[in-house]
Colleague: 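Dumping the structure here so I can ask a few things about it.
When a ligand or atom number is given, it counts from 1 through the structure's own listing order. As a basis for the values below, the full set of heavy atoms in this structure was taken, side chains included, without hydrogen atoms, waters or symmetry mates.
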Amino acid sequence: MAIIFNEQTKTITLHTKNTSYQMKIGNLSYLLHLYYGPSIGDEDMNYQVMQYDRGFSGNPYESRNARTFSLDAQPQEFSTQQQGDFRTASIEVVNTDGSYSYHGKALDYKISQGKYQLDTLPCVFANDKDTADSLEITLFDPVSSVKVVLLYGVFEEADIITRAVKVVNQGQGSIHLRKIMSVCLDFLNGADMDLVSLPGRYGQERQVERQPMTHHIHAIGSVRGSSSHQQNPFLILCDREASEDYGRCYGFSLMYSGNFLAEAELDQYDQLRLVMGINPKQFYYELKPGETFEGPEAVMAFSEHGFTGLSHLYHDFYRTNLCRSKFVKDVQRPVLINSWEAAFMDFDDVKLVEIAKAAKNMGVELLVMDDGWFGKRDDDNSGLGDWFVNENKIKCGLHKLVEQINQLGMKFGIWFEPEMVSEDSDLYRAHPDWAMEIPGRHAVRSRNQIALDMSRLEVQDYLIERINAILDDANIYYVKWDINRSLADIWSNVLPAEKQGEVYHRYILGLYRVMDEIILTHPDILFEGCSGGGGRYDPAMLHYYPQYWVSDNNNPIDRLKLHYGTSFVYPTCTMGAHISDSGKFVPLETKAVVAMCGTFGYELDATHLSKKEQELCKKQSDLFRKYYHITFEGDFYRLTNPFKPGNMTAWQHVTKDKRESLLSVVVTNLTFNGPQEYIRAKGLDPKAMYSVNGGKELHSGSALMNAGLPINREVPEYSAFQFHLARKGK
Ligand code: DGJ
């Protein structure tokens with residue numbers, strides 16, 4: 001059992017292969033956090049926690065005149081409010097009597113085998129081969145009768161610990177939650193730590209930013225109704241010296257697709273507190289007597305081996321314990337071509353078949369019909385919500401169109417944007433009250449569409465019925481699920497005034513229900529998530545979709561940064577990456593090398609390509625399939641940092657057994673008569689001998705990793721190289 005409760009010391013320790021996490025039911029039954037980091041065996045880490053008289057920091061009443069125990073200076077497992085701790089709280093609850101106090105003391109604990117699940121929110125799961133254990137610790141405040149249950153999932157082999165939280169109102173009247181954080185982690189000294197996050201914007205998602213901890217609250221979050229392009233629900237706290245390969249790194253990844261918040265507070269004593277959960281902005285959630293609220297799961301990992309070590313933990317775990325789709329490991333993802341940048345909304349069935357025929361020559365296996373096939377949809381001013389095939393465009397009907405594509409030996413995919421409605425649509429005309437519009441106000445415009453009130457059952461049921469009907473009407477192999485605006489005008493016509501503060505979260509719960517009913521009931525369909533590119537690329541979405549569109553920005557040089565940032569937490573096999581016309585001066589070969597970092601496909605009008613270009617694409621598609629076991633199942637290494645000045649961006653995939661590797665390089669800049677550049681490989685067996693691209697010459701793993709490969713500089717700018725390294729012998 002990876003969870004040990006020590007009766008004598010009242011410590012609870014969670015053990016994974018390389019880490020330990022310890023807490024203690026301490027003084028007056030407060031739950032203290034003692035440690036998270038490299039394994040400490042049986043050690044009782046309580047010796048670390050000092051107690052002093054800290055002026056102006058309150059002491060619990062029960063301490064009477066003893067002034068040395070203050071929650072303001074003690075590391076806590078779940079920080080609360082109105083208890084003398086003035087740092088950021090994990091809970092803000094308005095009690096039935098209107099007070100804001102929460103004095104939760106440890107009441108009970110339960111250890112069980114297997115991984116807990118939440119009733120309302122997606123979670124990671126344990127596979128048969130995994131050793132996973134769960135812990136529940138109950139905190140209880142006898143005055144308000146509010147129970148908080150802290151949930152922990154321990155994946156021993158994977159070196160992963162998850163946390164989630166439940167609040168149960170056991171009192172006689174309603175209470176209101178204003179803040180509830182899923183994870184709270186106190187570090188006794190955080191002055192020398194940095195915070196790494198993934199901020200961005202439309203077309204430039206998940207760029208990497210690093211900042212030193214200073215004495216204030218560093219907040220990262222989203223209030224856009226989705227996890228957003230602008231921030232990602234992931235962050236790293238690391239040593240100031242931590243780098244790609246060295247140093248201690250803590251990762252926090254939140255399984256939630258709505259508003260989130262992470263606060264990292266360096267306090268007056270250089271202690272560091274990290275809390276992460278649902279964003280409290282416009283969050284006011286009523287719990288009637290007997291009701292329970294669940295907060296989303298946070299997935300934590302720790303590595304002493306820098307960002308690479310941490311990324312590998314997340315990549316391995318998210319590849320196996322997050323999404324149940326058969327496309328995760330049993331079925332190879334197809335090379336696809338998407339109609340969006342080929343035709344936008346200007347297509348019909350004939351055009352699609354023409355694109356498919358040309359794409360067939362390029363080794364493409366799947367045609368995706370993007371936006372524009374339904375309702376009245378010739379531009380983005382109308383049609384959303386009317387999920388009926390537009391037979392003026394698809395004249396032969398969907399069923400026949402899919403048959404034609406299948407007859408070519410190709411599969412067929414389709415696009416939806418379920419959560420939105422256009423004012424100019426039959427759905428809006430029939431049910432204007434289903435849209436999120438505040439009575440008496442005009443809704444904020446964004447791509448001329450309004451969000452549906454996903455919290456409403458009839459909206460959810462309509463979408464489930466309509467989308468399932470389309471999916472069941474034809475041989476659909478793939479679905480792209482899009483959302484193209486941030487939410488504003490948060491309002492539900494069926495909730496009373498005092499419950500409008502629940503709408504942001506209820507929207508997400510409704511969305512997850514719709515996804516459960518459509519995605520999980522169609523296990524043979526490959527789903528890809530999208531949000532105007534990668535605006536909702538988060539682990540909760542990856543619970544449903546094995547892949548997510550990284551960005552609408554297909555420029556291959558920009559993509560180097562996009563892939564780099566995304567790979568900090570998300571495995572490259574989740575990264576939707578296509579070759580398009582974007583990047584005029586970049587050769588097709590280079591675009592292919594970049595797209596092969598992800599799921600690989602095309603986003604262009606294949607009928608416009610010359611025969612020679614189509615043949616080249618065919619070779620690229622074949623290469624993608626040839627290297628699939630390396631890029632989809634291997635370890636990923638970032639060899640260079642595209643955010644730093646340099647002439648080349650390089651990355652590498654290495655199979656787990658180190659027998660094969662694909663090392664990719666893009667030349668982004670060439671200075672006249674510049675120095676020779678060498679790219680050093682990683683992750684190889686130093687003693688083994690490797691051939692490079694099937695050549696006769698062999699190099700040792702050690703040479704390739706320590707001296708590197710010379711990169712030919714007599715090439716045009718934006719050239720790319722792919723080195724296939726194959727180990728010789730056993
Ligand atoms: C935004 C997506 O990111 C694009 O790929 C495309 O599907 C459009 N939406 C369609 O409206």
Colleague: How are the rings of H578 and W549 set to each other: parallel, tilted or perpendicular (split at 30° and 60°)?
Modeller: tilted
Colleague: For ligand 1, would you mind listing the residues that have at least one heavy atom less than 4.0 Å away, ordered by chain and number?
Modeller: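 Only W340, D370, D371, W415, R447, K480, D482, N484, C530, G532, G533, W549, D552 have heavy atoms that fall under 4.0 Å of ligand 1, ordered by chain and number.
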Colleague: Let me see the working for K393 and D378 under salt bridge (Lys or Arg N to Asp or Glu O under 4.0 Å), right down to the final yes or no.
Modeller: CA-CA 10 Å; K393 279 189 182 177; D378 296 322; 3.3 Å; yes
Colleague: Decide whether D524 and Y477 meet the rule of one side-chain donor and one side-chain acceptor closer than 3.5 Å.
Modeller: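 No donor-acceptor contact under 3.5 Å links the two side chains.
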Colleague: What residues form a side-chain hydrogen bond (donor to acceptor under 3.5 Å, both in side chains) with K395, not counting sequence neighbours?
Modeller: D348
Colleague: With sequence neighbours left out, what residues match D605 under side-chain contact (heavy atoms from CB on, under 4.5 Å)?
Modeller: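 Residues passing side-chain contact (heavy atoms from CB on, under 4.5 Å) with D605: A342, K351, I355, T607, H608.
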Colleague: For D424, what residues pass the side-chain hydrogen bond (donor to acceptor under 3.5 Å, both in side chains) criterion, not counting sequence neighbours?
Modeller: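 Listed in chain order: K376, R429.
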